[in-house]
Amino acid sequence: MVSIKEALELVNQQKVKLIQDNLPLAQSLGCYLSEDISSPFDLPSFDNSAMDGYAVCGFAQQFEIIGEVAAGNTSSNSLSDGKAMRIFTGGKVPENTTAVIMQEKTKVEGTTLILEEEVTDGKNVRRKGTEIAEGQVVFKKGHKVTPATVGVLSSLGYGSVAAYQQPVIHVIATGNELIEPGEKKETGQIYESNSQTLATALQDHGFYCGSQQKIADDLEAIADGIDENLEQCDVLLITGGISVGDYDYVKQALQENDVEEIFYKVFQKPGKPLYFGRRDDQYVFALPGNPASSLTCFYVHVLPLLQRLSGGTGNGLMKINVPIAHEYEVKFDRPVFLKALIEDNHVSILDGQGSSMIHSMAQGNALAFVQGPVQYSKGDPIECLLI
């Protein structure tokens, strides 16, 4: 058995192969850039109006309106002292513009513009290059593409981006008791939920589950399933069958498939029966079958490797210290990840901390990490992983 720290270090020590690709921008969300990206031009690329109103030249209170500039108008216009032009948000401001006066602060009588505020030099004018300068490194290698990243790159004219390929990930759920949601359930059966939970957790963090498979508690079937999936994926996640029960065949099936064991069992709660192994450049995590344990192990141990395989730093979930909202005693002798809810800048430990209880995790937004046994007083800081 290894500690949490030792387990994370063993995961982080794995040498990973990164493959670069040129991805369409619309397909790059969640990927990590494989090279620096620089701006090909200034942004904004021309002086433009920040709002609907009037571009004016000078500091008078009245101006003569001589024209109009709509957004998208590419013609060049110029103002002389005492002149103004109607302009719309995003419109190219005329040369010699002193400021743009918002329309709510103006009154128009014929061709005369009357201001209801004083002119301030540069007000409501977005100057060329004030957001991004030509040649500026906009994003560095290793940056994770977010919706805002896509927006910036689109505004700079990029239709594709150099990024690392993401790993192909498959999921196997094991257990004789498992049936598919929607089927008629008999006493002693349970609906299989782990594979769909893991698939959506992958999606939530920018990854894609290439295959979900359910296999009964049969050594030969599990061994065949592992071999078949490892031929097609980079990372295989298996849930259930990894403990020490009479029908827990996963560890033996992994041995029969020449998967090298890197660690088995982690000193933590929930998620003690966690396995991590490798065959060539394929990785295997065998996760506990209990739903809360399985998802906790994914967040803590699996996610950092997936990030590294994609070109990221592998830091896993964001961690913050939050004052606890109430007194709480932890009696466990193992480090424990508690389902928790952060709101109003305080964290509350939720009911339903059993390893099979995922409903409380669905009600929360964090895992509170505690090295027990310990007694917390209201206001004491506690480390939280944001889920």
Side-chain angles (χ1 to χ4, degrees), residues 22-31 33-141 143-163:
N22 195 54
L23 299 175
L25 196 56
Q27 298 175 19
S28 66
L29 185 65
C31 295
L33 300 180
S34 59
E35 60 184 37
D36 292 352
I37 295 184
S38 300
S39 177
F41 50 77
D42 291 326
L43 190 70
S45 57
F46 54 89
D47 292 352
N48 69 87
S49 177
M51 59 183 56
D52 296 343
Y54 293 85
V56 300
C57 179
F59 295 89
Q61 291 300 110
Q62 292 189 17
F63 296 84
E64 180 187 358
I65 302 171
I66 62 171
E68 179 179 285
V69 181
N73 188 329
T74 60
S75 60
S76 296
N77 296 287
S78 181
L79 292 174
S80 58
D81 191 39
K83 306 299 182 182
M85 295 188 76
R86 181 81 167 101
I87 195 167
F88 298 91
T89 303
K92 181 181 177 182
V93 299
E95 291 183 24
N96 304 322
T97 293
T98 305
V100 172
I101 310 300
M102 63 188 300
Q103 63 184 21
E104 292 85 350
K105 299 294 184 179
T106 65
K107 183 169 63 172
V108 176
E109 295 180 357
T111 60
T112 300
L113 175 69
I114 303 170
L115 306 188
E116 297 177 353
E117 67 176 11
E118 293 185 356
V119 177
T120 301
D121 192 19
K123 187 173 183 179
N124 298 325
V125 177
R126 302 171 180 146
R127 295 297 183 188
K128 176 181 177 180
T130 51
E131 182 177 359
I132 300 173
E134 180 178 353
Q136 177 182 334
V137 175
V138 183
F139 299 112
K140 290 186 175 295
K141 176 182 176 180
H143 172 83
K144 185 178 180 180
V145 178
T146 66
T149 307
V150 173
V152 172
L153 295 178
S154 295
S155 68
L156 293 174
Y158 285 93
S160 61
V161 66

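Note: hydrogens, waters and symmetry copies are ignored here, and every other heavy atom, side chains too, is used.
- Comment: K141 does not engage D36 in a salt bridge, judged by the lack of any side-chain N to carboxylate O separation of less than 4.0 angstrom.
- To the nearest 0.5 angstrom, L113 atom CG is 12.0 Å from I66 atom CD1.
- Of all heavy-atom pairs between L25 and V150, the closest is CD2-O, 3.8 Å.
- With contacts defined as side-chain heavy-atom distances shorter than 4.5 Å, the pair R86/Q103 qualifies.
- Minimum interatomic distance between L23 and Q27 (heavy atoms only, all atoms of both residues): CD1-O, 4.3 Å.
- Across all their heavy atoms, A163 and C31 have their closest contact at CB-CB, 4.0 Å.
- For E116 and K105, the salt-bridge test fails: no basic side-chain N is under 4.0 Å from an acidic carboxylate O.
- No side-chain heavy atom of F63 sits under 4.5 Å from any side-chain heavy atom of I101.
- If you take OG1 on T106 and CD1 on I65, they are separated by 8.0 Å, rounding to the nearest 0.5 Å.
- Proximity of V56 to L79: side-chain heavy atoms (C-beta onward) are nowhere separated by under 4.5 Å.
- Closest of all the heavy-atom pairs between P94 and A55 is CD-CB, 3.8 Å.
- Atom CD of E118 is surrounded by 12 or fewer heavy atoms from other residues, nucleotides or ligands within 6.0 Å.
- Counting heavy atoms from C-beta outward, D47 and R127 have side chains that approach closer than 4.5 Å.
- For the residue pair T98/D121, the side-chain donor-acceptor check at 3.5 Å is not satisfied.
- Between the side chain of N124 and the backbone N or O of V100 there is at least one donor-acceptor pair closer than 3.5 Å.
- Closest approach of T89 to A71, counting heavy atoms only: O-CB, 3.5 Å.
- Using a 4.5 Å heavy-atom threshold, the side chains of P40 and L156 count as touching.
- Counting heavy atoms from C-beta outward, R126 and L43 have side chains that stay 4.5 Å or more apart.
- In this structure, the side chains of L115 and Y54 stay at 4.5 Å or more apart for every pair of heavy atoms.
- Scanning both residues, G90 and N48, for their nearest heavy atoms gives O-CB, 3.7 Å.
- S45 is not listed as a side-chain neighbour of E134, based on a closest heavy-atom distance of 4.5 Å or more.
- Between the side chain of T97 and the backbone N or O of A99, no donor-acceptor pair lies under 3.5 Å.
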